[in-house]
Asks: 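Just dropping this structure here.
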Amino acid sequence: MSRSILVLRALGLGDLLTVLPALRGLRSAYPDDRIVLAAPEGLRSLVDLIDAVDELLPTAGLGALRWHGAPPRLAVNLHGCGPESIRDLLALGADDILSHRHSDFPELPGPAWRADMHEVDRWCRLLEYAGIDADPAALRLPEPREPAAESNVVVIHPGAAHPARRWPADHFARVARELGADGHRVVVTGSRSEMPLAAAVAEQAGLPPTAVYAGRTGLTELAALVAAAALVVCGDTGVGHLATAFGTPSVLVFGPTPPRHWGPPATAEQHRTLWAGHVGDPHGDRPDPGLLMVRPEHVLTAASGLLGEKVRHG
């Protein structure tokens with residue numbers, strides 16, 4: 001009789017996509033068990049694409065985990081290293097818990113947390129502590145079943161969760177304007193709250209209102225648009241991780257967090273990460289000075305190279 005394995009990752013879009021290799025490592029190690037992922041309901045359409053997850057347990061964040069039924073065989077903490085996530089998992093009564101070590105729980109073994117690691121490698125390393133192999137390169141997803149609203153477009157995504165990681169709107173607009181002048185169909189994406197930002201970018205770039213998809217797409221439609229795109233241009237956001245997951249060429253403007261922590265694999269030649277080398281507070285309330293050192297011409301050079309390669313090899 002199969003048992004359940006509960007995995008906690010109650011975070012956002014990019015956070016989900018960086019644990020794909022760890023989830024696949026668990027699937028290989030426990031092929032007959034039911035893997036349940038505790039993550040936000042809003043991510044369901046992407047969770048459904050993950051071959052290593054059998055069930056989504058809607059969980060909005062820490063303290064919101066609600067488990068019913070027999071205790072799981074194993075509870076895996078892919079959420080973080082703090083006491084709150086460990087406490088959530090201890091309450092399940094699981095046979096075993098796999099988590100990073102924390103001083104509040106000296107009886108719970110685990111590897112020490114290392115700050116200077118790529119997010120993908122961090123969770124693969126946690127599994128390796130338990131003797132479970134995980135391939136850090138296993139980041140791809142199958143394309144969404146829903147057809148994209150448009151294909152072969154350049155997706156400009158100007159938003160970011162915090163102002164420190166938000167490249168200026170006029171920089172995105174210049175990139176959009178010049179790529180449009182080169183004959184590319186350019187669209188601007190974003191959440192409902194980012195509609196004014198997306199509209200401002202489109203207006204400055206001289207794009208028609210039909211080019212603004214911000215507020216008109218849910219995650220399913222956004223994922224389909226990214227999967228079918230010719231290129232994605234964005235900052236250090238979940239949409240950048242979508243481009244990695246679908247193998248869509250991308251130009252990613254990083255700062256103040258270095259791409260060695262959250263960027264695509266260094267060996268993935270279809271992605272270009274631009275970073276000025278300045279490390280700062282990713283939760284700051286204004287664009288990081290290092291982020292502002294990346295200029296539109298840098299992005300345009302990288303974008304033109306990728307679009308040219310796509311034409312030559314298409």
Asks: With Val212, which residues qualify under side-chain contact (heavy atoms from CB on, under 4.5 Å), at least two apart?
Replies: Ala198, Ala202, Ala214

Asks: Verify the distance criterion only: is there a donor paired with an acceptor across the side chains of His278 and Asp288 at less than 3.5 Å?
Replies: yes

Asks: Please walk me through it: do Val186 and Leu207 pass side-chain contact (heavy atoms from CB on, under 4.5 Å)?
Replies: CA-CA 8 Å; Val186 180; Leu207 301 177; 4.0 Å; yes

Asks: Under the side-chain contact (heavy atoms from CB on, under 4.5 Å) criterion, do Ile97 and Asn77 qualify, and how do the steps go?
Replies: CA-CA 8 Å; Ile97 292 179; Asn77 187 357; 5.6 Å; no

Asks: For Met293, look at atom CE and say whether over 12 heavy atoms of other residues, nucleotides or ligands are found less than 6.0 Å away.
Replies: no

Asks: State plainly whether the residues Arg122 and Glu119 are in salt-bridge range, i.e. N to O under 4.0 Å.
Replies: yes

Asks: Between Arg73 (side chain only) and Ile5 (backbone N and O only), is there a donor and an acceptor less than 3.5 Å apart?
Replies: no

Asks: Answer yes or no: is there a donor N or O on one side and an acceptor on the other, between the side chain of His102 and the main chain of Gly82, under 3.5 Å?
Replies: no

Asks: Between Arg24 and Asp51, does any side-chain N to carboxylate O distance fall below 4.0 Å?
Replies: yes

Asks: Yes or no on side-chain contact (heavy atoms from CB on, under 4.5 Å) for Arg272 and Leu306, after CA distance, side-chain angles and deciding distance?
Replies: CA-CA 8 Å; Arg272 301 283 191 272; Leu306 288 170; 3.6 Å; yes

Asks: Write out all pairs satisfying side chain to side chain donor-acceptor pair (under 3.5 Å) with one or both partners inside residues 133-151, taking only residues at least two apart or from two chains.
Replies: Glu150-Arg185, Glu150-Tyr213

Asks: Run Arg3 and Asp32 through salt bridge (charged side-chain N to carboxylate O under 4.0 Å, His left out) and show every step you take.
Replies: CA-CA 8 Å; Arg3 296 282 303 279; Asp32 299 323; over 6 Å; no

Asks: Other hydrophobic cluster members with Val120, side-chain heavy atoms of Ile/Leu/Val/Met/Phe/Trp/Tyr under 4.5 Å, chained?
Replies: Leu139

Asks: Should Leu219 and Val188 be counted in the same cluster of Ile, Leu, Val, Met, Phe, Trp and Tyr side chains packed under 4.5 Å apart?
Replies: no

Asks: Does one hydrophobic cluster hold both Trp167 and Leu197, with members joined at side-chain heavy-atom distances below 4.5 Å?
Replies: yes

Asks: Please list all pairs passing the side chain to side chain donor-acceptor pair (under 3.5 Å) test where one or both residues lie in residues 214-232, with sequence neighbours left out.
Replies: Ser45-Thr220

Asks: Donor-acceptor check, side chain of Thr18 to backbone of Asp15, threshold 3.5 angstrom: yes or no?
Replies: yes

Asks: Compute the centroid of each ring, for Trp123 and then for His100, and state whether the two points are separated by less than 6.0 Å.
Replies: yes

Asks: Checking Asp96 side chain against Leu74 main chain: does a donor-acceptor pair fall under 3.5 Å?
Replies: no

Asks: Cut-off 3.5 Å, no hydrogens considered: what does the side-chain donor-acceptor table look like for residues 226-247, sequence neighbours left out?
Replies:
from, atom 1, to, atom 2, distance (Å)
Thr237, OG1, Val239, N, 3.3
Thr244, OG1, Gly240, O, 3.4

Asks: In terms of hydrophobic clustering (I, L, V, M, F, W, Y; side-chain heavy atoms under 4.5 Å; direct or indirect links), are Val201 and Val251 co-clustered?
Replies: yes

Asks: Are Val47 and Leu20 connected, step by step, through hydrophobic side chains (Ile, Leu, Val, Met, Phe, Trp, Tyr) whose heavy atoms are closer than 4.5 Å?
Replies: yes

Asks: List the steps and the verdict of salt bridge (charged side-chain N to carboxylate O under 4.0 Å, His left out) for Glu41 and Arg44.
Replies: CA-CA 5 Å; Glu41 172 65 31; Arg44 181 176 293 277; 2.8 Å; yes

Asks: When you group the ILVMFWY residues by side-chain heavy-atom contacts below 4.5 Å and let the links chain together, are Val53 and Leu89 in the same group?
Replies: no

Asks: Would you indicate whether the side-chain heavy atoms of Asp170 and Gln204 approach each other to under 4.5 Å?
Replies: yes

Asks: Dump the intermediate steps for ring pair (Phe, Tyr, Trp, His ring centres under 6.0 Å) on His162 and His283, then the final yes or no.
Replies: CA-CA 6 Å; His162 298 280; His283 306 294; 4.7 Å; yes

Asks: Could I get the full list of side-chain contact (heavy atoms from CB on, under 4.5 Å) partners for His298, not counting sequence neighbours?
Replies: Leu274, Val294, Arg295

Asks: Can any side-chain N or O of Ser304 pair as donor or acceptor with the backbone N or O of Thr301 at less than 3.5 Å?
Replies: no

Asks: Compare all side-chain heavy atoms of Arg260 with those of Asp116 and state whether any distance is below 4.5 angstrom.
Replies: yes

